[in-house]
Amino acid sequence: MNVIVELEKPLTELEAILRDLKNRQRETQGVDLTPKIRELEEKAQQLRAEIFGNLTPWQRVHMARHPKRPLALDYISRLDDFVELHGDRTYRDDPSIVAGLGVLDGIPVCVIGEQKGRDTKENLYRNFGMPHPEGYRKAQRIMRLAEKFHRPLVTFIDTPGAYPGIGAEERGQSEAIATSLKLLAGLRTPIVVNVTGEGGSGGALAIGLGDHIVMLQHSIYSVASPEPAATILWRDATKAEEAAKRLRLTSDDLFEFGIVDEVIEEPLGGAQRDPEGTIGKVLAADRRAIERLMKLEADTLLDRRYEKYRKLGSHSELVHDRAAR
Amino acid sequence: MNVIVELEKPLTELEAILRDLKNRQRETQGVDLTPKIRELEEKAQQLRAEIFGNLTPWQRVHMARHPKRPLALDYISRLDDFVELHGDRTYRDDPSIVAGLGVLDGIPVCVIGEQKGRDTKENLYRNFGMPHPEGYRKAQRIMRLAEKFHRPLVTFIDTPGAYPGIGAEERGQSEAIATSLKLLAGLRTPIVVNVTGEGGSGGALAIGLGDHIVMLQHSIYSVASPEPAATILWRDATKAEEAAKRLRLTSDDLFEFGIVDEVIEEPLGGAQRDPEGTIGKVLAADRRAIERLMKLEADTLLDRRYEKYRKLGSHSELVHDRAAR
Amino acid sequence: MAPTPNWLRRRAPKPEASSDPLWVVCPECNERVYKKDLAERLFVCPKCGHHFRLGSLDRVALLADGDFHEIGANLVTGDPLQWVDRIPYPQKTSQDRSKSGMLESIVVGTCRIGGIDVGLGVMDFAFRGGTMGSVVGEKIAMLLEECGRRKVPAVLVCASGGARMEEGVIALMQMAKTSLAVQRLGALGVPFVTVLTDPTTGGVSASFGFQADVIIAETGAAIGFAGRRVIDQTIRQKLPDGFQSAEFLLEHGQVDMVVRRTELKGCLTNVLRLLTMKVPA
Amino acid sequence: MAPTPNWLRRRAPKPEASSDPLWVVCPECNERVYKKDLAERLFVCPKCGHHFRLGSLDRVALLADGDFHEIGANLVTGDPLQWVDRIPYPQKTSQDRSKSGMLESIVVGTCRIGGIDVGLGVMDFAFRGGTMGSVVGEKIAMLLEECGRRKVPAVLVCASGGARMEEGVIALMQMAKTSLAVQRLGALGVPFVTVLTDPTTGGVSASFGFQADVIIAETGAAIGFAGRRVIDQTIRQKLPDGFQSAEFLLEHGQVDMVVRRTELKGCLTNVLRLLTMKVPA
Ligand SMILES: [Zn+2]
Ligand SMILES: [Zn+2]
C-alpha cells in the first residue's frame, strides 16, 4: 500500500465532502452553504500543510510512486503530433519504454520515456516500468534517429530499475544499459532529461545521461530503489525505509549534489493535484533548455556534457604517511 | 548423396590402389613396381579428365558442396594470430558465422566467414552454415570494428542461405540481412569478398557486398540455392537440378555478368585435391586486392563501390507505342 | 472540382482477378462484396476490415495529393540469364505486361503527400508477384538519387514475393544496388520511410524494406524473409498463429507501427512532417 | 635477474582471508591446497582448475611486463552522503584500507603488456566488494584520458559488486562519467578492452564493463546486471544452471571469449597487437 495514499485519506475524504457541498450549493439555491464550505476549505488547507508540509524520505518515495502521479505518456501525449515508434528491430517491443517523435512548442523532438501502468493489468503489461534489454535497445534506435535528424532528445525517467530477471540477463541487460550510456555520451544533439517519478539505478540512468536534467520536486533518484538497496546493503528488503533515509534521493539532495540542474516545484500534495499545470511547467522547462542548448555547436555541447559529469565525485588525495599500505 | 563423390568413386578407388603400390614400392625393394604405377597414373589422369572435364551445373553445385572442400575456417586459420570474436552482444553466439581479427601477410584484417560442418555432428552445431539473425548481427559488430580501426574486411561466403525457421523470422532475419547490407554499403574501409563454396541468396550477399569479389572456380553463387529456387519456381524441390541449369550460378557466369572480379582456378577435381595450394591462391588474391584498395581515399572507395553495383542490371526503355498500358 | 491527376489519365482499365464482373468474395469473412463498393473503400472489406491487395496505381491515388511525376516509366527488363522454362522469360514478361497493364512491378516518381514533397515508389503484386529484378533495382536507385538531389524524403511501399528467380543473381544484386542507394540517401540526412504491405518477403524485405528510418506495416500484411513453403520444407512443423503477420512483427520489435489503410495517408503525412520539419533557428 | 618491478616494492603483505596460514580449501573440489602453491599457480586450483579471486596487485603482476606507473595512487573517497548505518562510512573505508592494504577498489596506471604500451586498470573485490564509488570513476576517467593523450589502448580488469550504495547517486553518476570517458577514447580511435573477472555486476558491468571493443571473460567468472539476491527476491523461481557464468554469457552472445587465467596474458597481448598494429603504407 502506498503510504501517501494512506496518509492523505482524511484529506481525500474531506475533499470529497467539499465537492459534494459545492455541487449541492449549485443545484439547490435554497440554503446558503457558503460559510460551511469556507470552514471546510480552511480545514482542508490546514490538513494539507500538516500532511505534506514535512514529508520523510520514505514518504517522498511513495509520493514519487503515487498511483495518480502523471506518467511518461501523460507528458509525451502533450506534444503535438506525437507518433509512437515501436520495437528494437531485433527481438521484441518492450512496453515499459515508450519512444517516438513529436513537436514541443514548435520544435521537433525525439522522446523516450519509462512507462508504468495505472492499474494492475496495465502494470503487468508495462512490467511496472522495469525495462528489459530490448526496451533500452528501442531507446537506442530513437537516440540514433535524434542524432541523424538533429532533433533534441527529451527523456522521462520513471522506473524502479531495469528488470532483474532471467530473460533480461540472458539478453544482456548490462550490455543494453552500457551501450545506451555510451551512445548518449557521444550523441551530437542536445539531451534534456526529466526525472518525473522514480529514478532507480542504472535502469534510470540509461536514458538519463544528458545536458540538462530537470527533476520534479517529489520525484526521487538514487543508485538503487530503496528495496533492492536494502537487500544489497543488509540482505533485508524490509529495511527499505531505512535505505530511503540514507540514500539522499530527494530533489533537494540531487540539486545540492549538482546532478540535477533544475527542480520544478509541485503543488502541495503532489503533481497529481494539478497534472495539467505540472506537465506544462516541466515541458516549458524542457523548451527553455532546448532553446539554449540548440545554440551550441555539437563539439561544444559534447565538451560541456563531458565536463558536467567529469567533475561529479567526492574524493581527495591522502596526504598522511602511506606506510600502512 | 553428393553426386561428385559418387562420380569420382572409380577415381578415388584407383588413387587408393596407387597410394598402396607406392607404399609397397618404398617398403619392399624387391620387385620393381614402377611400370605398373606409371600405367595406373596415366589411367588416373585420363579418368580425372573424363570425370571433371565437363561438369554440368548440377555437378558443379555438388562440387561446391563437396564434403572435403576447404571451409571458411580453413582459410581463416591460415591468417597469423587469428583471434575469434564471438556473439552479437544481444542474443546469442551463432556458430554458423565465424568472425575475428587476424593478420594477412603483414596486414591486420577483420574477417567474417560462413561456416559449415565437416560431419553430421559439426553440421548440426554449425546449422549447415545457415545463419540466424544473430549471426549477421555478430558480423555487423565485426564490420563496425573494421571501420573503427581502419582494417580491411575480408569475408568468406559459404552458405545454402539464411536459415528459414521460426526463431529466425521472430528475431528478424530480414532486418538482420538488410542492416548488414546497409552497413557494408557505407563501410569506410576496403571490403574483399571470397565466394569459396556455396553462395545462396541474401544470406550470402549479407556478407558479400564489397569492393573486390573473388570466386573459386567451382563455387556457385545464385539468387537462391537450387532447392528453394525450385520450390519457389515450380513448388517442387526435386526439380533442383533443373533450377541449377537455369540459374547460371557458375563462376564463369558470375564473371561474365561482371559480378565477380576474379576467378581462382581450382585443381582438376576441385579445391579439396590441393587445399593448401588453393587457400594460398585465394589469400594471395585477397592480399593483392587489399593492397590496391588501401591506396584509395575512403570517399573514392565508396564512390567506386556505388558505381560497381549501380550498373548491375539488364533493362531498356520500351520504345514502341504504350497504348496497351 | 480538382483537375484529374496525371497518373490517372493514362491509367489502363483495371484487370479483374475474379471471373464475376460485379462481385468478389472476401477471403476473410466469406461475404460477397460489391466490387464498386470495395474500390470506394480502398479495397478494405466493409464487413470485416480485411485488406485486399491494392494495385500500385490505386496506392498512388491513395497517397499522392495530386499529380505524380513518374520516373523511368518506360523501363522494361532484359533477359540476363536467357531464361527458359515453360516459355522464354521475355515472353512471360510480355504476357505480364498485357495482363497487368503495367510495364513492371514498381512505379516510382515524385509527388506530394499531405503537402510534403517526396519521392514515392510503389510495388505491385499483380506483376509477377511484385518480384524484384533489374527494373525494380534501377527505378529505386533512380528515385533515391532524385530524392538525394532534391533533399526530399523517400517513401517506398513494398509488396513483393522477393527477388525474381528468372533474373537470377542479377536480381540478387538489386538488393546490393538498392542498399547502396539507401545508404547514400541516409548519409545526406534525407529521411526514408517504408510501408510494408501484403506480402513483403525475401530480397525486398531483406534489403530496402527493413532499411528505413521509420517502418510502417499495413494491417494484415504478411511480412518475412523466407516464404512459408520454404519454411515448411525446412522445418516441417506447425507455424505459430499469426506467424509473419504485421501484428506479429510489431510484437517482435521489427516494425514501428501497424496502420490501417484508411489511416495510412494521415499517419504517413505526420511521420514525414516530423522527419522533415525544420528546427527553428 | 630482472629488477623488482616498482609496484612490487611497495606492496603490503597479503591479507589472509582464511584463518589457516598455510592451507586453503577449494570451494569447487573441496581439496585442501597449499597456499604457496596456489599463489604460484596464479590462484588457480591445481586439482580442479577453479579460479580463485585474484587481488589487483597480483593481477598487475600477472599482466604487466615490468614496471607499473600508477596514476592517482593516493586518491581516497569522500563521504558525499554523510552516510551512517552501523558505523559512519569514513570509518568503514578506513577499516577497509587497513584490512585490504589498499586505498580503494581499483589501481590504475600505465605499463606494457607483451611489449605493448597500455593503460591498465584493475579492480579488487577485496576492497568493499570492488564497488564503484567516486574514486573508481575518477581513476578510470584519469586513466582513459591518459590513454587518449598517449594514444595507447586501455585495458580494464573488472571485479565488482556494482555501484557503492554508501555513495548513493554519486556512485551512480560514475557510470555516466566512465561512459563519457570511454566514448571519448573511442572517438579518438584508441582501442579499449575489458576483462570481466569474478564477479562483474551492476553499475560496472552496465557501464565500462560492456562498452569495450573486445570483451574477455575469465573462466568461471559470474557476470550479470542484477545480483542473485535481487533476482531471487523479484522472480522467486529457480535460476538455470550456469546462469550468469562466463560460459553462459558466451553462449548468449555477450562476450567475445572466455579465457583461462593462465592464458590471459597471451590472449590479451594478441588482441592488443591486432588492435594496435599499423597497416603498412
Ligand atoms: Zn471480409
Ligand atoms: Zn579445486
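Proteins come first, then strands; the chains are lettered A, B, ... in the order of their sequence lines, and each starts at number 1. Not measured: the values here are computed from a predicted model.
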Answer with side chain, backbone, both or neither: which region of D:A176 has an atom nearer than 4.5 Å to a non-hydrogen atom of chain A?
both
For A:A206 and A:I177 the tightest heavy-atom approach is CB-CG2, 3.8 Å
Pair count under 4.5 Å, heavy atoms only, with chain D: among A:T179, A:D253, A:I232, highest is A:I232
Side-chain ion pair, A:E175 and A:K182, N-O less than 4.0 Å
no
Chain D contact via A:A168 - side chain, backbone, both or neither, heavy atoms under 4.5 Å
neither
Can we say A:E147 and A:R144 salt-bridge, meaning some charged N sits less than 4.0 Å from an Asp/Glu carboxylate O?
no
Which atoms of D:E145 are under 4.5 Å from chain A, going by heavy atoms: the side chain, the backbone, both sets, or neither?
side chain
Of the backbone (N, CA, C, O) and the side chain (C-beta and beyond), which part of A:L254 lies under 4.5 Å from a heavy atom of chain D, both, or neither?
side chain
Examine the side chains of A:S314 and D:E167 and answer whether a donor and an acceptor come within less than 3.5 Å of each other.
no
Checking D:F208 against chain A: side chain, backbone, both or neither under 4.5 Å from a heavy atom?
neither
With side chains defined as the heavy atoms from C-beta onward, is the minimum distance between A:L153 and A:I207 less than 4.5 Å?
no
Counting heavy-atom pairs under 4.5 Å to chain D, which of A:A204, A:G186, A:G165, A:G258 comes out on top?
A:G186
For the candidates D:L81, D:I170, D:L75, D:T201, which exhibits the highest count of non-hydrogen atom pairs separated by less than 4.5 Å from chain A?
D:L81
Between A:A185, A:A243, A:A224, A:S174, which has the largest tally of heavy atom pairs under 4.5 Å with chain D?
A:S174
Among D:A163, D:G253, D:A141, single out the residue with the greatest number of heavy-atom pairs under 4.5 Å to chain A.
D:A141
Only one of D:I216, D:D213, D:V157 clears side-chain contact (heavy atoms from CB on, under 4.5 Å) with D:V193; which?
D:I216
Under a 4.5 Å heavy-atom cutoff, which of D:D85, D:L239, D:L249 has the most pairs with chain A?
D:D85
Please look at A:L205 and chain D and tell me whether the side chain, the backbone, both or neither of the residue comes under 4.5 angstrom of a heavy atom of that chain.
side chain
D:R184/A:D303 ion pair, N-O < 4.0 Å:
yes
If we ignore angles and hydrogens, is there a donor and acceptor under 3.5 Å between the side chains of A:D88 and A:T90?
yes
Only pairs of heavy atoms separated by less than 4.5 Å count here; which of A:Q173, A:M130, A:E170 has the most with chain D?
A:E170
Mind listing the closest non-hydrogen atom pair of A:P131 and A:S96 along with its distance?
CA-OG, 3.0 Å
Are D:K177 and D:E138 ion-paired here, with the side-chain N under 4.0 Å from a carboxylate O?
yes
More than 12 foreign heavy atoms under 6.0 Å from CD of A:E317: is that the case here?
yes
In terms of heavy-atom pairs under 4.5 Å, which option from D:Q174, D:R229, D:Q183 contacts chain A the most?
D:R229
Can you say whether D:Q244 sits under 4.5 Å from chain A via the side chain, the backbone, both, or neither, judging by heavy atoms?
side chain
Heavy-atom pairs under 4.5 Å with chain D, option from A:R310, A:E256, A:R248 with the top count
A:R310
Non-hydrogen atoms of chain A under 4.5 Å away: do they reach the side chain of D:M132, the backbone, both or neither?
neither
Please classify the contact between A:I259 and chain D as side chain, backbone, both or neither, with a heavy-atom cut-off of under 4.5 Å.
side chain
Under a 4.5 Å heavy-atom cut-off, does chain A meet the side chain of D:T234, its backbone, both or neither?
side chain
Would you mind telling me which of D:G137, D:G209, D:A181 has the largest number of heavy-atom pairs within less than 4.5 Å of chain A?
D:A181
Ion pair check, A:D94 and A:K138, cut-off under 4.0 Å:
no
Would you say D:E104 and D:T77 are linked by a side-chain donor-acceptor pair, where the criterion is simply a distance under 3.5 Å?
no
Measure distances from A:S222 to the heavy atoms of chain D and classify the residue's part below 4.5 Å as side chain, backbone, both or neither.
backbone
Give, as side chain, backbone, both or neither, the part of A:R305 having an atom under 4.5 angstrom from any heavy atom of chain D.
both
Can you tell me which of A:L302, A:L184, A:I166, A:L209 forms the most heavy-atom pairs within a distance under 4.5 Å of chain D?
A:I166
For D:M175 and D:S179, work out which heavy atoms get closest and say how close.
O-OG, 2.6 Å
